[in-house]
Structures are given as structure tokens and as C-alpha cells.
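A short worksheet on the structure shown next.
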Amino acid sequence: MLVLVAPGQGAQTPGFLIPWLDLPGVEDRLREWSSAIDLDLIHYGTKADADEIRDTAVAQPLLVASALVSARQLCATGEDVSRLAGAVAGHSVGELAAAALAGTLTDAAAMELVRRRGLAMAEAAAVTETGMAALLGGEESVVLPHLEQLGLTPANVNGAGQIVAAGTAEQLAALAENKPEGTRRVVPLKVAGAFHTHHMSPAVSVLEAAVTELPAADPHTPFVSNRDGQVVTSGQELVQRLVGQVANPVRWDRCMETFKELGVTAIIEAAPGGTLVGLAKRALPGVATLALKTPDDLDAARTLIAEHASPAADLSAE
């Protein structure tokens, strides 16, 4: 059983879209989306530096766009790869790409919604100096009370020994000086705010207004939600979960538990892949994994799909 996943903020690197532009139709699609959301995705994906693409209002649309264009290339025959998957999921902003891959949102609607999401979260992040840091190692039963004592929120519980803390700059500085027992490292993340915490509450009302008249079809592929790892089958519920998600923790650990319960045998991570595959290798031993980094990875991904998708399909070009 194949699971298709989309990465979250922090996965982007300067120039990561360059090789994808060589594929037929990709540049045209990116230009179309750029015009619709008033953001030059091609510039930011090819020429912008690390600081420019760290901006929440830029990073989020860029990541959803890259996940969509790369995933849409997985079937050389033009078939919708998500219909061959047993489930789809996305980490944080990656949920918007996953919602489009599952058929709940159109690609265009996902891009418009992520643009509003990025702008709203950037505005919320500007109110107070906040950020996030990954804690590597340590037991959850020790780490979570320690974070609470410092006033920090476990914004991402990622499994495989990784919890991401979020809060003010002062709280994160205190964490760096006083890490939980058993934690090997505390790594500051390249994000502009304390996402998935109460600091993002202003963005929730913006998104609530944005989705009021948004068409939302029921997903044609099981969608595994960040909120609790549950499979969502209602399009309206899925969209409401996307709204609330910005101010609530990401439980990727529970998503991976659900993948296991569903019988996952392979995971493909859309571009810019790597982070979620890394977590899966530690938490789901024996599951085949592949991260889409460049188009050079497509042939291997198509082989993996043919071996693990249901129904099996010939994904090679005629």
C-alpha cells in the first residue's frame, strides 16, 4: 500500500525548483499560479536566497506549488497518482497540497488558500518575536512537561524521537540553555514564527472567512489528518481541519501510526522531499521510501508505485 506525502515549511532550499522547470508544462503551470496569487513562484524557486524564501508568505505557496508539480509528474501516462495511493497526507502546510492531491481542492484553489494562509500567518508572526526549535532524542514523557514548564508548546510531535517546540524568542533561549534530560540536541528551525500555537490564532479567523464559499469535494483517496492521525472522508470536515490546523499542534506521529494500521508498504514524499522520509525510516522500519528531490528521482518513484500501488499500473510512457 502506497502513501503519498507532502513536506512542510523548512523543507525549501534556494534554487530547488530549477530542475523541475525543464519538464513539459511545469513552467507554464507555475506562471499561471504566480499570476493568480500575485507571487512570482519561479523567481522564488530559482533565484531567491535563503532569507527570502524563509518568509512565511513566500515559503508556504512555494512548498505547495512544488509538491503539486512534482507529484503530478509521477505518472508519465498522465494518470492521477493519488488515485493509486492508499492514503495521502501532508505535514503542516503540506496538508493543502495533500488536500488537492486527494481531490478535495483543485490545485488552483489550494494555491489561493495557501497564499492567504501564508500572508495571515506572517502577519500573526510579526506581532511577537517567536520561533520554533526541534528537540532530537528524549522521551515524550520527559520532554512535554519540560516544555510546559518553560511556557513552550509542542507544536509538532513528529515521532521517531523528534518534537518541535514553539514559543517566544525568550522561551526558546531558555530551552537552549536548559534542554530536557535525554535530549541530544536542540536545533533552531528556519521559520518565521511559532506556528501551530496560540500565537497563530489571528490567522484562523482569516482562513475561516476564506473558506466560507470554497467548493470542497469529498476526498477520493483517504486523507490522514495532522490533528489526530484520523482518516477524513468528508470534504467539508477536511477544509475545517485545514483552518484550525494553523493554531493547533501537528501530530505527525499519529499520522505515521495510521499509515502502519492501514498497511503501508511504501511512502513517496513530494518535492522538496527528505524530511518526512527521514522520519518514516526511523518510525516505520521495513517500509520502502523515496523522496522526490529532482526529476532524476521520477523513474525510481514510478517503479515503486508500480510495485506498491493498488490497483497496480504501468506508469511508463508509451
Side-chain angles (χ1 to χ4, degrees), residues 7-12 54-60 63-64 89-96 113-114 116-136 138 140-159 161-180 183 186-211 225-230 239-255 275-276 279:
Q9 200 162 336
Q12 71 277 11
R54 180 174 176 266
D55 180 349
T56 303
V58 171
Q60 293 192 8
L63 285 163
V64 171
H91 189 285
S92 187
V93 72
E95 281 206 307
L96 277 80
L113 185 58
V114 75
R116 294 190 185 188
R117 183 186 193 272
L119 288 168
M121 293 178 72
E123 185 174 345
V127 174
T128 305
E129 186 180 359
T130 59
M132 305 175 80
L135 291 85
L136 306 181
E140 189 173 316
S141 60
V142 175
V143 172
L144 296 186
H146 188 89
L147 296 182
E148 183 179 1
Q149 184 179 9
L150 295 175
L152 289 159
T153 298
N156 302 164
V157 183
N158 288 330
Q162 185 187 105
I163 293 174
V164 175
T168 66
E170 292 79 7
Q171 290 167 338
L172 290 169
L175 175 64
E177 291 293 325
N178 179 23
K179 63 186 180 182
T183 298
V186 176
V187 183
L189 300 185
K190 296 179 181 178
V191 296
F195 306 141
H196 305 292
T197 72
H198 67 89
H199 293 286
M200 293 294 111
S201 295
V204 173
S205 58
V206 173
L207 291 180
E208 285 175 341
V211 303
S225 171
N226 280 183
R227 180 193 293 178
D228 48 17
Q230 294 299 302
V239 168
Q240 289 305 312
R241 282 174 174 248
L242 294 179
V243 171
Q245 180 232 47
V246 301
N248 288 288
V250 171
R251 293 304 304 258
W252 191 252
D253 58 334
R254 292 180 179 170
C255 290
T275 302
L276 301 182
L279 292 170

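None of the values given here were measured: they were computed from a predicted structure. Reckoned from all heavy atoms, side chains included, excluding hydrogens, waters and symmetry mates.
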Next on the checklist: Quiz question: by atom type and distance under 3.5 Å, do the side chains of Gln230 and Arg241 form a donor-acceptor pair?
Outcome noted: no
Say you draw a straight line from [atom1] of [X] to [atom2] of [Y]; how long is it, rounded to the nearest 0.5 Å?
{"X": "Leu276", "Y": "Cys255", "atom1": "CG", "atom2": "SG", "answer": "9.5 Å"}
{"X": "Thr275", "Y": "His91", "atom1": "OG1", "atom2": "NE2", "answer": "8.5 Å"}
{"X": "Arg116", "Y": "Leu207", "atom1": "CZ", "atom2": "CG", "answer": "9.0 Å"}
{"X": "Gln60", "Y": "Leu96", "atom1": "CD", "atom2": "CG", "answer": "8.0 Å"}
{"X": "Gln149", "Y": "Leu175", "atom1": "CD", "atom2": "CG", "answer": "11.5 Å"}
{"X": "Thr56", "Y": "Glu123", "atom1": "OG1", "atom2": "CD", "answer": "12.0 Å"}

If we ignore hydrogens and angles and just use 3.5 Å, is the side chain of [X] paired with the main-chain N or O of [Y] as donor and acceptor?
{"X": "Gln12", "Y": "Ala59", "answer": "no"}
{"X": "Glu95", "Y": "Asn226", "answer": "yes"}
{"X": "His196", "Y": "Asn248", "answer": "yes"}

When you compare the side chain of [Y] with that of [X], does any pair of heavy atoms fall below 4.5 Å?
{"X": "Thr168", "Y": "His199", "value": "yes"}
{"X": "Ile163", "Y": "Leu147", "value": "yes"}
{"X": "Asn156", "Y": "Gln162", "value": "no"}
{"X": "Thr130", "Y": "Thr197", "value": "no"}

Considering all heavy atoms of both residues, which atom of [X] and which atom of [Y] are nearest to each other, and what is their separation?
{"X": "Val246", "Y": "Val243", "value": "CG2-O, 3.5 Å"}
{"X": "Pro154", "Y": "Pro249", "value": "O-CB, 3.5 Å"}
{"X": "Ser92", "Y": "Arg117", "value": "OG-NH2, 3.8 Å"}
{"X": "Leu113", "Y": "Ala210", "value": "CD1-CB, 4.2 Å"}
{"X": "Leu63", "Y": "Gly8", "value": "CD1-O, 3.6 Å"}
{"X": "His146", "Y": "Pro180", "value": "CD2-CG, 3.5 Å"}

Next on the checklist: Between Leu135 and Lys179, does the side-chain contact (heavy atoms from CB on, under 4.5 Å) criterion hold? Intermediate values first, please.
Outcome noted: CA-CA 8 Å; Leu135 291 85; Lys179 63 186 180 182; 5.6 Å; no
Checklist entry - Among Leu152, Thr153, Leu172, Val164, which one satisfies side chain to side chain contact (heavy atoms under 4.5 Å, CB included) with Met132? => result Val164
